[in-house]
Number of protein chains: 2
Amino acid sequence: MGRKPATLKDVAALANVSRATAARALNNYGYVGDETAQKVQAAAEKLGYRGNRLAQALRNGQLPIVGCILGDIQNPFFARIAHDIEVVARQSGYNLVIGSSEEELDQEMSLLASLQALSIRGFIVAPTSADKNVHLQGLITDNIPLVLIDRVAKGIECDSVVVDNEGGAHKAVRYLIGMGHRRIGLLQDDMRIFTSRERMSGYRAALAAGNISLDERLVAVSQSTVEHAVDATIRLFSQKTPPTALFTVDSLMTQGALLAFRSMGISIPHHVSLIGFDDFNLATFTDPQITVVSQPVSEIGRAAAQLLFDRLSGKSHPLRKIRFETKLIIRGSVSHCSAA
Amino acid sequence: MGRKPATLKDVAALANVSRATAARALNNYGYVGDETAQKVQAAAEKLGYRGNRLAQALRNGQLPIVGCILGDIQNPFFARIAHDIEVVARQSGYNLVIGSSEEELDQEMSLLASLQALSIRGFIVAPTSADKNVHLQGLITDNIPLVLIDRVAKGIECDSVVVDNEGGAHKAVRYLIGMGHRRIGLLQDDMRIFTSRERMSGYRAALAAGNISLDERLVAVSQSTVEHAVDATIRLFSQKTPPTALFTVDSLMTQGALLAFRSMGISIPHHVSLIGFDDFNLATFTDPQITVVSQPVSEIGRAAAQLLFDRLSGKSHPLRKIRFETKLIIRGSVSHCSAA
DNA sequence: AATGTGTGTGAGATCGATCTCACACAGTCT
DNA sequence: AGACTGTGTGAGATCGATCTCACACACATT
């Protein structure tokens, strides 16, 4: 059939009024006679009229869509955040466009540009790079609401929601040191990424506090996927004198480490102790259960969305930078270091 | 500063030509003098001109966005699919709007309506209900490209990508029967959902083929979250004569079952055998590793996106209904039934 | 009677890109 | 010379909703 959706003109025609009057009746503003208003309502009803958001957006310069650029939707951490943002967005009558930067700066930039070309005003971004951020700076100077999530970027003054990465990492490593470990490995993500830097610095600080000097050979850089983490773990533990404990900076990498240990016949916690940053569903299914630094994942997306919609609704708050605390959840993957 | 993005008019003014000529130069169509074209290009460059997609969309009736309505992005199955769709979309210059129906028909319908109001033409939907689908029928009659994914809907004639749910479930249950099990539990999702029905029917068929009559008390209905599945499993196994084996219809529910068994002190595979539909990352981390029916997850999203973009590009294919096979991956969570 | 205020309505401009149409000029053909 | 084709350009309409403005009428105030 291909019947076109009804336009305001159609409604106006059916109600025998002008477009202007129809618009007034439907959006109730200005003066409209009661009787006229009823006629218009009836006509709209009958035609199943739904305003064309595109046309509305063209006039007022803004689409009821928020853009969300995350590292990777497949990471349960980001999936949860995306879900929570969508819930809040829906309540405000917004839809959510999701883009995955795949931790590539180029992709992040082109994604952002294409969303801006859509007149989307309102972004939640987990920036790939802590330094290179002209594109984000552009949003700020254009006065487009932006909330940074999970990561902040140097020199970008805007609302943000992060967790205490450094503190979390510090707690984990301090705990390992307390259990007698001195050769503590770090499986980390690309150093361009803010969280990776912060967790690294927590690791360093804890080592320093324990009078342990940093051994570069115990630090492996991977990407945040199970597969990459498996390889990196195997490299790390194929050395002559491997670490006695490992700290992994995100849950996918923790899972990769688990897989690697299994394939290498390394048993937790007897041969190696393990702590991962970010809790995950199956951390309690494994034997032993995995000790982790947990973040309040369920709060992050909601908080970020709240900040964004507060901005979008025009309230002019001062900048708000939310930082959540992390919690060390002790389970069974860490034991006292036997090999001194 | 708030500098507005440059418009075609600005470019035209800078190049000293009319808007029409500028448009011709930038989109190269019609006649344009070489020299004029260069001037326009230069002006566009200088102003950093990017066409306003909204205005373009208003004219040609279609936004470069595809809508994607899935059950739940937090389910790794859907997260993977969303990711793959986004990759294909990006290649075609499209962005992806993701909506989560949360398995509520109302939400699915209102989400769809709001995306249609945005002039989005092109949807990938995992319909909540196998029966109620006027909204989908509406897309069809309006000739809006639609691809159903993971699930089909009665009477909706369009491209689709599903897996052989019935066959997969049949394989799993037949295997359990072959191992001597006769009291085989089913932990399933809401019966409105297509996959749930099909997997149920595979379960029935396999029982029938094994001359086992269906015992309603062995069938638990849950929702597709870890939490709900835990409860349902506990109920199922708190009966006087609980099942000796369990078949779960998706990976979150499999994880829920695992958690429930752990909390009840039920050991796999000694006390109970387990097979889950849909493989998951940690299925090989647990001890024992979990036997599953795997679907080619990495193919599904890509295939669906391909079908959609073929339609969007105007080629008029006949309907294409893709059905992928499933594979029974035997690991260690099933043992011979000791209790006859 | 003149002026003012509150109410109700429509014509037309606007947002930005695109497309149709008309027009103008060069060169070619009868 | 007159008619025609090919090339190049601009004015204006269009998509749909909204908003400004002008106008019109009713009633109240001086």
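Order of the sequence lines sets the chain letters (A, B, ...), proteins ahead of strands, with each chain counted from 1. Computed from heavy atoms alone, side chains included, the values below leave out hydrogens, waters and symmetry copies.
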When the distance from CD of A:Q38 to P of C:dG8 is rounded to whole Å, what number comes out?
13 Å
Can you tell whether the side chains of B:D159 and B:K321 come within less than 4.0 Å, N to carboxylate O?
no
Considering every strand and a 4.0 Å limit on heavy-atom distances, what is the contact class for A:N27: base, sugar-phosphate, or nothing?
sugar-phosphate
Pick the closest DNA chain C nucleotide for B:R24 and for B:K9 by heavy atoms, then say which residue is nearer the 5' end.
B:K9
Hey, does B:R53 reach any base, or is it just sugar-phosphate, or nothing, if we go heavy atoms under 4.0 Å?
nothing
Taking atom P of D:dC15 as reference, at what distance in whole Å does atom CG of A:L8 sit?
14 Å
Give a yes or no on whether a salt bridge exists between B:K154 and B:D131, defined as a side-chain N under 4.0 angstrom from a carboxylate O.
yes
B:Y49 side chain near C:dA17 phosphate (N/O to OP1/OP2, under 4.0 Å)
yes
B:Q56 vs C:dT18: side-chain N/O to OP1/OP2 distance below 4.0 Å:
yes
Could a donor-acceptor pair under 3.5 angstrom be found where the side chain of A:R19 meets the base of D:dT18?
yes
Nearest-nucleotide comparison on DNA chain D, the residue closer to the 5′ end among B:A22 and B:L58:
B:A22
Using a cut-off of less than 4.0 Å, is there contact between a side-chain N or O of B:Y31 and OP1 or OP2 of D:dG8?
no
Mind checking the CD-CD spacing from A:E45 to A:Q41? Nearest 0.5 Å is all I need.
8.0 Å
Interatomic distance, B:L54 CG vs D:dC15 C1' [rounded to whole Å]
12 Å
Specify the separation, in whole Å, of atom CG of B:L63 and atom P of C:dA17.
15 Å
B:N60 CG to D:dG16 C1': how many Å, rounded?
14 Å
Will you find, in the side chains of A:H135 and A:Q116, an N or O donor that is under 3.5 Å from an N or O acceptor?
no
Can you tell me if the side-chain N/O atoms of A:S18 get under 4.0 Å from OP1 or OP2 in C:dG10?
yes
Using a cut-off of strictly less than 4.0 Å, decide whether B:T21 has a side-chain nitrogen or oxygen near OP1 or OP2 of D:dT9.
no
d(CG, A:L118; P, C:dA17) in whole Å:
13 Å
Can you tell me if B:T36 touches the phosphate of D:dT9, counting only side-chain N or O atoms and a distance under 4.0 Å to OP1 or OP2?
yes
How many Å lie between CD on B:E35 and P on D:dG8, as a whole number?
12 Å
Roughly, in whole Å, what's the span from CD in A:Q62 to C1' in D:dT18?
15 Å
Using modelled atom types only, decide if a donor and an acceptor are shared between the side chain of A:T36 and the backbone of A:V32 within a distance under 3.5 Å.
no
